[in-house]
Structures are given as structure tokens and as C-alpha cells.
Peer 1: 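One structure is given below, represented as C-alpha cells, and several questions about it will come after.
This one's a predicted model, so the numbers in the text were calculated from it and none came from an experiment. Proteins get letters first, then strands, A, B, ... in listed order; numbering begins at 1 in each. What's counted below: heavy atoms across the whole structure, side chains too, no hydrogens, waters or symmetry copies.
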Number of protein chains: 2
Amino acid sequence: MDPHLLRTYVTVAELRSFSAAARALGYTQSAVSQHIAALEQDLGVPLLGRRPVAPTPAGERLLEHAGSLLLRIDAARADLARYGAAPREELTVAAAPLALHPAVLAALPATGVTLRVLPRAEVPAAVATGGADLGLVDGAAAPSDPLSLPDVAPLTAAVLPGAAEQPLAVVLPGDHPLARRTGLRLADLADARWLDAPAAGLPLDRLRAAAGTPRAFRPALRYEGTDVRTLVALAAAGHGLALLPAAAARGAGAVAVPLVAPRLVHRTELLHPGGAPAGPAARVLAALTGADRGP
Amino acid sequence: MDPHLLRTYVTVAELRSFSAAARALGYTQSAVSQHIAALEQDLGVPLLGRRPVAPTPAGERLLEHAGSLLLRIDAARADLARYGAAPREELTVAAAPLALHPAVLAALPATGVTLRVLPRAEVPAAVATGGADLGLVDGAAAPSDPLSLPDVAPLTAAVLPGAAEQPLAVVLPGDHPLARRTGLRLADLADARWLDAPAAGLPLDRLRAAAGTPRAFRPALRYEGTDVRTLVALAAAGHGLALLPAAAARGAGAVAVPLVAPRLVHRTELLHPGGAPAGPAARVLAALTGADRGP
DNA sequence: TGTTATTACGAAATTCGTAATAATT
DNA sequence: AATTATTACGAATTTCGTAATAACA
């Protein structure tokens, strides 16, 4: 299973064409055909149906494997490259939208930092593959439970002392029947329509798992952007409910009601490649995780 | 980053010798030397110091990457092989020691099943690489929270309706000062000595994370076996405390005191390769996850 | 008929073993 | 001196492009 073969397979499956993949990768049609044949022979299973070219069930499965496999190879190469090169002076921080608390922003140095907001699922990969030096990720978890992140590489997670855990709240339009409640249980809202905002908000799968109801929390409008204010505005306009950290849940026309069950908190963690960080990365990391216990 | 090069690198780093690795892999010294040279050139970093041969810091890092990378490649190959071959008649179930509740055992068919008890950390890998058709894993988690498992491959986890969550208890010797309590908080026991039994019991790291105290829960005796009764006996003999599901925590001379904080339960999940299972695996999977809601 | 995948084949590159060399204990 | 890593070199294999062929739409 040569990574090259895997890469051409993924490209062919995506573009649904041998020749288009050949163009995209700088090969000839012939080479691509040989790659696929070699891979199918090696694995002993047909991977693609031809005309139209589409993955077989086995091929679909290989796509899942290949994605994370190629990602991890990139991550390993990027990680090792850090040992060869001089420490970067310019620092890039990748952050999920909800991970940007005021306390975190205050701890960033004034210059030499690029802040890049990414969909939450892409933050670990960005740190692993060298697209960012540090990552800020968030998620819903039981109190004092670590986030369960996709492990694309041996990354190290650290908690942010100032803003590690915050209460969660359900965002409702002001005229919603439950808007006057002082606390809400997730189970009571399982039948409601929820905003599906995987990039900005919390993934609905997480809510289903927490409530133990695989089929509940049906998605209403889907929002693929990363702007939290828009998300709150969508909830206020009645397009669906949203679960957000209480501090982020305020907005015109929206009411935030604290979540009281199950016991979940909004958690933020700082992600960095393992090993001893060098240069500005070390300083920022220390500033964010270190001694900022208030006066 | 050819997997072959990676494999020889890992072997060389383990055996700390080019020639020993060559023997182990069926290569010549020369070939191994060329593999390492190619890898170092590709990555642009020296990976091994020679005489004595030992990994550099970058090499240490590559070992971490390579381990999971090679594991995932095996997993992908094993997964795809299932599509080519006929469904297996003999079924192998890999289980972590604490995942074997009576309720689970009762649901297994009478014949055609091999049950293999493995250290908890090896169960997902066994299922992923085809060493087992199904896996039973356990762990401590917040109520109705899924287990966070190392993702060696796209595996599917399912809950066991009969025995999904069970209360946890601390196992103490009968003459321990806290043995008469009716409930214990984990934080009160952070300074005690704990049994370190990663294969059979719950990993101490998990407790540290749950209590939010990275340096607490110092290990006492380390037990690398998979026998739960031995673990309880060790706790009874005063070699250290252990956290176990209440049902497994009873034993001669041992006292089990329920854990009341933090809110953690012992959770068991069934692991299987994704896709549509075939043959006996499908039947057993249905028996374990399906309609066994008792009267 | 035009596009697209497969096959045949040859040049170039890669891989691995033999054997000689160099370095370390 | 004995063991062990590196280097030189050549045979065998593999890889990829050109070009011809075949199979769709």
C-alpha cells in the first residue's frame, strides 16, 4: 500500500475519472490506470467500477482509511520537518470559532501572530500538518473530562487555566414557549429542530450521544460558516435551537437558558505538537497555559 | 515515506542494530543501511545515531508516528481483505478483562466462538487488524458519554443494552480507615497509593484526568496481568487501591465502597469493523446489541 | 465520433544483493 | 580481531511515458 497509489486512488475516486486524476496529479492516463490496477491486485478486491467510475463498497471503505492515512503521513512529515528547520518567528494559531474567549485573546502577544478561524474539525489537522503552530479547540464534555479529539497525530492538549470550562446554554427565540424557563434539560428538547452548524457550533452527534437518543435532535437549517453571531441570529429568528457557551449565546432577540441536564460544560483546550516547543511558540504556549491565575 | 522504510526503521530502532534488523526482516545489512539513508534523506533529518545506534529526538518522534501509521495500514489491509474472502464461520471475540459481564457472556452463542482476553488497550487494534471479529471494551466515563477510544481505524462502537453502564466502586482492604464509608469521593483518595494495572483495571491517567489533578494517584504495585480476581486480591492485601465496576469489586478481604464523585460510570461497548457484517458475526452482533430488553 | 480506460512495450529509475571498505569496541 | 555500518556496483525489478487498442456514450 504505497502512499502514492493511495493518493491517486483517492483522487480518481473524487474526480470520478482516471484522466482527470492524471491531469490533477501530473501523470499520464496510463500511469493512473496502472496505479489502480496495482492497488486492486495488492488488496485483492476491485475498488472502482468503470464507466461510470465509482467506488465499490470495498472502495468506499478504502476511502475512509486512506483519508486518515494520508493525513497522518502529512502530519508525520510536517512534524519531523520542525526538527530540521529553524523555529518559526511568525506564529499561526488555528482556532475553532467558539474557542475564542476574551481571556484567550488577551493572552496573545501583540505582534507576530496570525489568527486563523477554522471549522472545529479542521483544527487538529491544521496543527498536525504544520498549517498552524498552535490550535484552540472546544467542545461539550462532562465536567473535568478531557475533550475527545480525532487523533490525527500525537498532539498534546493543555487546558487553559483562565477559561477552561464554561456553562452551556440553549439559545431560543424570545417568543419560544420555553424561553421563560430558568433551566432546560436536553432530553426535553430532543424533539425540537436544531441548527446544524458543524463548523461554528457543536456537532449534533455530540448531543445525541450525550442524551443517548440516536435519532433525536433532527437538523433544521444547516449553517456551514464560522460566525457565532450569525448562528445566534439564526436561532433568534427561529430557524432552530443551538447549544452554546452561555457567554456566546447572547444576541438581539435571542434568549439563552442554562442547560441543567445532562451535566455538560463547554471546554476549551490548547493543542500543540508534542516535544519541546521552541521560539515564539514556547512563549505563547506558556502565556496561555502558565501562570495567569488572577490577582 | 514508504511503509517498508518505516518498518525497517522501527525494527532498527527497536533492536538498536542494523544487522540484527536485517536478520529479523530478511534483508542484508546493506539494504537496511540504504533504507535508513533513504528515509533520512527524504525527511531531511538524522533519525539514528550510530555506534551505539539510538534514535535522535526526531527519531523518537518518528517512532510515535510510525507505530500508529503501520498499525493503520495493517488495519486497512485487513478490513479490505474481508470484502474479498468468504465470511468467517469461526468467530473470535477480543475482550478487555472488565468488559466480560455475565449478561454479555450469556448472549454469546454456545459454539463457534473463541473468546480472547486482551489488555484493554489492545482490543481496538485486534478488531481493526482482523485478529478478532468483535471487541468488547470498557472504561470509565461520564454517564451516557461514549468511551473515547484510540481510533486505529474507522470502527463502529455499539452499546450493550443489558450491561451498558454500571456503578463504580473503590476497592479497599477491610482494615482501611475509609472502608466503613458508604461513599467515597475520588478527590479524597488522590494522595493514596493506587494499583497500576493498565491491562486489567482502569488506567490511572483516566483518574487523573477525571479528578483534574495531573500529579495525584501515584502508582504503587504494578500488575500487568489480566486477571480481575488477582487485582481485587492485591487491593485486599493492601498493595494499593483500585477503581472497578461494583460487581467485579467483591472478593475475600476486600471492601467495595461506591464512588459518589465525580459522576463516573463503568461503561462497556461493543466494537466491530464498520460496514455490513456477514455470517456469524452479524448474528452475534445482533444478539448482543439487539432486542434483549428483558421482561 | 469523441472520450476514456486498458494493454504492449521500452527507457529510466529504483531496489536489493555481493563484495569491498571504513569505522568502532 | 571481530563486529558493524557504509559505499560501489551490477542485476533484477519496478515505474512511468508513448503509442496502439478497446470499450463505452
Side-chain angles (χ1 to χ4, degrees), chain A residues 1-60 62-63 66 69-70 73 76-77 80 84, chain B residues 1-60 62-63 66 69-70 73 76-77 80 84:
Chain A
M1 276 215 298
D2 187 331
H4 292 121
L5 304 188
L6 236 41
R7 194 168 56 108
T8 68
Y9 169 69
V10 170
T11 310
V12 170
E14 267 175 9
L15 300 178
R16 315 215 143 224
S17 153
F18 282 51
S19 24
R23 275 191 300 276
L25 297 172
Y27 285 127
T28 39
Q29 273 193 9
S30 164
V32 170
S33 183
Q34 292 176 55
H35 277 191
I36 301 301
L39 201 55
E40 289 185 323
Q41 170 133 18
D42 178 24
L43 296 172
V45 184
L47 299 171
L48 291 167
R50 325 292 155 100
R51 295 181 207 274
V53 35
T56 62
E60 292 283 2
L62 183 58
L63 280 177
L69 219 36
L70 293 174
I73 290 174
R77 170 163 275 118
L80 275 279
Chain B
M1 277 215 298
D2 187 333
H4 293 120
L5 304 189
L6 236 41
R7 193 168 56 107
T8 69
Y9 169 69
V10 170
T11 310
V12 170
E14 267 176 8
L15 300 178
R16 314 210 144 229
S17 152
F18 282 52
S19 22
R23 275 191 299 277
L25 297 171
Y27 285 127
T28 33
Q29 274 192 9
S30 163
V32 170
S33 183
Q34 290 176 57
H35 278 191
I36 301 301
L39 201 54
E40 290 185 323
Q41 170 133 21
D42 178 23
L43 297 172
V45 184
L47 298 171
L48 292 167
R50 324 293 155 99
R51 296 182 207 271
V53 40
T56 61
E60 291 283 2
L62 182 59
L63 280 177
L69 219 36
L70 293 174
I73 290 175
R77 170 163 276 119
L80 274 281

Peer 1: Taking only the side-chain heavy atoms of Tyr27(A) (C-beta and beyond), determine which of dT7(D), dC16(D), dT4(C) contains the nearest atom.
Peer 2: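 Nearest to the side-chain atoms of Tyr27(A), counting from C-beta on, is dC16(D).
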Peer 1: Please confirm whether the shortest side-chain N or O distance from Ser33(B) to OP1 or OP2 of dT6(D) is below 4.0 Å.
Peer 2: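 Result: yes.
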Peer 1: Rounded to the nearest angstrom, tell me the gap between atom CZ in Arg23(B) and atom P in dT3(D).
Peer 2: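 From Arg23(B) CZ to dT3(D) P: 11 Å.
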Peer 1: Rounded to the nearest Å, what distance is computed from the CG atom of residue Asp42(B) to the C1' atom of nucleotide dT14(C)?
Peer 2: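 Those two atoms, CG and C1', are 14 Å apart.
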Peer 1: Which whole-number value in Å describes the distance from Arg16(B) CZ to dT4(D) P?
Peer 2: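 Answer to the nearest Å: 15 Å.
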Peer 1: Tell me which nucleotide among dG17(C), dG17(D), dT4(D) gets nearest to the side chain of Gln34(A).
Peer 2: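 For Gln34(A), the side-chain atoms sit closest to dG17(D).
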Peer 1: Taking atom P of dT15(C) as reference, at what distance in whole Å does atom CD1 of Ile36(B) sit?
Peer 2: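 It is 14 Å, rounded to the nearest whole Å.
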Peer 1: Nearest whole angstrom, please: distance from the P of dA5(D) to the CG of Leu15(B).
Peer 2: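 Spelled out: CG on Leu15(B) to P on dA5(D) is 11 Å.
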Peer 1: Expressed in angstrom and rounded to an integer, what is the separation of His4(B) atom NE2 from dT14(C) atom P?
Peer 2: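 Those two atoms, NE2 and P, are 17 Å apart.
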Peer 1: Side chains of Leu63(A) and Glu14(A), heavy atoms from C-beta outward: is any pair under 4.5 Å?
Peer 2: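 Leu63(A) vs Glu14(A): side chains apart.
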Peer 1: Among Leu5(B), Val12(B), Leu6(B), Leu25(B), whose side chain to side chain contact (heavy atoms under 4.5 Å, CB included) with His35(B) holds?
Peer 2: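 The single option meeting the side chain to side chain contact (heavy atoms under 4.5 Å, CB included) with His35(B) is Leu5(B).
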Peer 1: Gly26(B) near the nucleic acid: base, sugar-phosphate alone, or nothing, with a heavy-atom cut-off under 4.0 Å?
Peer 2: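 Contact class for Gly26(B): sugar-phosphate only.
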Peer 1: State whether Ser19(B) places a side-chain N or O below 4.0 Å from either non-bridging phosphate oxygen (OP1 or OP2) of dA5(D).
Peer 2: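 Checking Ser19(B) against dA5(D): at least one side-chain N or O falls below 4.0 Å of OP1 or OP2.
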Peer 1: Side chain of Arg51(B) only, heavy atoms from C-beta on: which candidate in dA5(D), dT6(C), dC24(D) is closest?
Peer 2: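 Of dA5(D), dT6(C), dC24(D), dA5(D) is nearest to the side chain of Arg51(B).
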Peer 1: Starting at atom CG of Leu25(A), determine the distance to atom C1' of dT15(D), rounded to an integer number of angstrom.
Peer 2: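 Those two atoms, CG and C1', are 15 Å apart.
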Peer 1: To the nearest 0.5 Å, what is the distance between CD on Gln41(B) and CD1 on Ile36(B)?
Peer 2: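 These two atoms lie 13.5 Å from each other.
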Peer 1: I'd like to check Leu47(B) versus Leu80(A) (side-chain heavy atoms, cut-off strictly below 4.5 Å). Are they in contact?
Peer 2: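 Leu47(B) reaches Leu80(A) side chain to side chain.
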Peer 1: Mapping His35(A) and Ser17(B) onto DNA chain D by nearest heavy atom, which one lands closer to the 5' end?
Peer 2: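 Result of the comparison: Ser17(B).
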Peer 1: Tell me: CD of Glu40(B) to P of dA5(D), nearest whole Å?
Peer 2: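 Computing the Glu40(B):CD to dA5(D):P distance gives 13 Å.
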Peer 1: What's the closest nucleotide to the Ala31(A) side chain, out of dG17(D), dT4(C), dG17(C)?
Peer 2: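 Closest nucleotide to the Ala31(A) side chain: dG17(D).
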Peer 1: If you compare all heavy atoms of Leu48(A) against all heavy atoms of Glu40(A), which two are closest, and at what distance to 0.1 Å?
Peer 2: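 Closest pair (atom of Leu48(A), atom of Glu40(A), distance): N-OE2, 3.2 Å.
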Peer 1: By nearest nucleotide on DNA chain C, pick out whichever of Gln29(B) and Ala38(B) is the more 5' one.
Peer 2: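 Nearest nucleotide further toward 5': that of Ala38(B).
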Peer 1: Among the nucleotides dG17(C), dT6(D), dA5(C), which one has an atom lying closest to any side-chain atom of Arg50(B)?
Peer 2: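 Minimum distance to the Arg50(B) side chain belongs to dT6(D).
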Peer 1: Could you tell me whether the side chain of Ser30(B) has a donor or acceptor atom within less than 3.5 Å of a complementary atom in the base of dT7(D)?
Peer 2: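 Flag set: donor-acceptor pair detected.
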